[in-house]
Colleague: 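Here you go, one structure.
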Amino acid sequence: IRTGQLEAFQKGAKAANRNLVQERSQPIVQKTLTGSTVQNHVSINEAARTIDCNPAAIFKALKYARPYRGYTWERQHA
């Protein structure tokens, strides 16, 4: 593959991956322990980057309906 073609292929692959991630992402809501909404997040990964933690920890908090890092987490229903 020539250099120009490789760059075009990589650019297309990144765009396809970005679209797949957006389709599979589920929005979540970060709430205080009293129930007021703090922030809406596009995905678990984005929420984890915001509070600087492992996404698996937020996933477990969602799955078992337990607070994590002083917040409760809920899936946002469309």
Side-chain angles (χ1 to χ4, degrees):
I1 296 178
R2 293 188 177 134
T3 304
Q5 291 174 337
L6 179 61
E7 290 172 2
F9 171 77
Q10 289 173 337
K11 202 179 273 187
K14 285 181 182 178
N17 186 40
R18 194 176 317 115
N19 290 338
L20 179 66
V21 168
Q22 287 176 349
E23 288 173 11
R24 296 191 67 204
S25 295
Q26 296 178 358
I28 61 170
V29 181
Q30 177 183 3
K31 294 186 173 188
T32 62
L33 295 176
T34 58
S36 58
T37 300
V38 175
Q39 193 171 358
N40 293 326
H41 298 280
V42 176
S43 66
I44 292 173
N45 286 328
E46 192 250 329
R49 284 191 295 270
T50 303
I51 66 166
D52 193 32
C53 73
N54 189 332
I58 295 178
F59 179 80
K60 284 183 182 178
L62 282 165
K63 183 176 180 179
Y64 298 113
R66 294 183 182 154
Y68 178 70
R69 292 236 176 144
Y71 300 103
T72 58
W73 303 87
E74 295 177 3
R75 284 191 167 80
Q76 189 175 19
H77 301 289

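The first residue of the sequence shown is numbered 1, and numbering continues consecutively from there.
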Colleague: Can you sort out the partners of Pro27 under side-chain contact (heavy atoms from CB on, under 4.5 Å), two or more places apart, ordered by chain and number?
Modeller: Gln76
Colleague: Only counting residues at least two apart or in another chain, list the ones meeting side-chain contact (heavy atoms from CB on, under 4.5 Å) with Val42.
Modeller: Glu46
Colleague: Do Tyr71 and Phe59 sit in one hydrophobic cluster, given that two such residues count as connected whenever their side-chain heavy atoms are within less than 4.5 Å of each other, even indirectly?
Modeller: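 Yes: a chain of side-chain contacts under 4.5 Å links Tyr71 to Phe59.
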Colleague: Quick one: side-chain contact (heavy atoms from CB on, under 4.5 Å) partners of Lys60, sequence neighbours excluded?
Modeller: Tyr64
Colleague: Decide yes or no on side chain to side chain contact (heavy atoms under 4.5 Å, CB included) for Val29 and His41, but give the supporting numbers first.
Modeller: CA-CA 6 Å; Val29 181; His41 298 280; over 6 Å; no
Colleague: For Tyr68, enumerate each residue passing the side-chain contact (heavy atoms from CB on, under 4.5 Å) test, keeping only those at least two apart in sequence or located in another chain.
Modeller: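 Only Ile51, Cys53, Ala57, Ile58, Ala61, Trp73 meet the side-chain contact (heavy atoms from CB on, under 4.5 Å) criterion with Tyr68.
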Colleague: Please report the interatomic distance CD(Gln30) to CG(Asn40), rounded to the nearest 0.5 Å.
Modeller: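 These two atoms lie 9.5 Å from each other.
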Colleague: As an exercise, state the distance from OG of Ser43 to CZ of Arg49, rounded to the nearest 0.5 Å.
Modeller: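 Going from the OG atom of Ser43 to the CZ atom of Arg49 covers 6.0 Å.
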Colleague: Give a yes or no on whether Asp52 atom CG has more than 12 heavy-atom contacts from other residues, nucleotides or ligands under 6.0 Å away.
Modeller: no
Colleague: Over all heavy atoms of both residues, which pair between Ala47 and Ile28 is shortest? Give the atoms and the distance, please.
Modeller: CB-CD1, 3.7 Å
Colleague: Got a sec, which hydrophobics cluster with Leu33, joining ILVMFWY side chains under 4.5 Å apart, including via others?
Modeller: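 Leu33 shares its hydrophobic cluster with no other residue.
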Colleague: Quick one: list whatever passes side chain to side chain donor-acceptor pair (under 3.5 Å) with Thr32, sequence neighbours left out.
Modeller: Thr34, Ser36
Colleague: With sequence neighbours excluded, what pairs up with Arg75 under the side chain to side chain donor-acceptor pair (under 3.5 Å) test?
Modeller: Gln26
Colleague: Out of curiosity, Ser25 OG to Asn45 CG, how far, rounded to the nearest 0.5 Å?
Modeller: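 If I round to the nearest 0.5 Å, the distance is 7.5 Å.
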Colleague: Applying side chain to side chain donor-acceptor pair (under 3.5 Å), name anything that partners Glu74, two or more places apart in sequence or on another chain.
Modeller: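 Glu74: side chain to side chain donor-acceptor pair (under 3.5 Å) contacts with Lys31.
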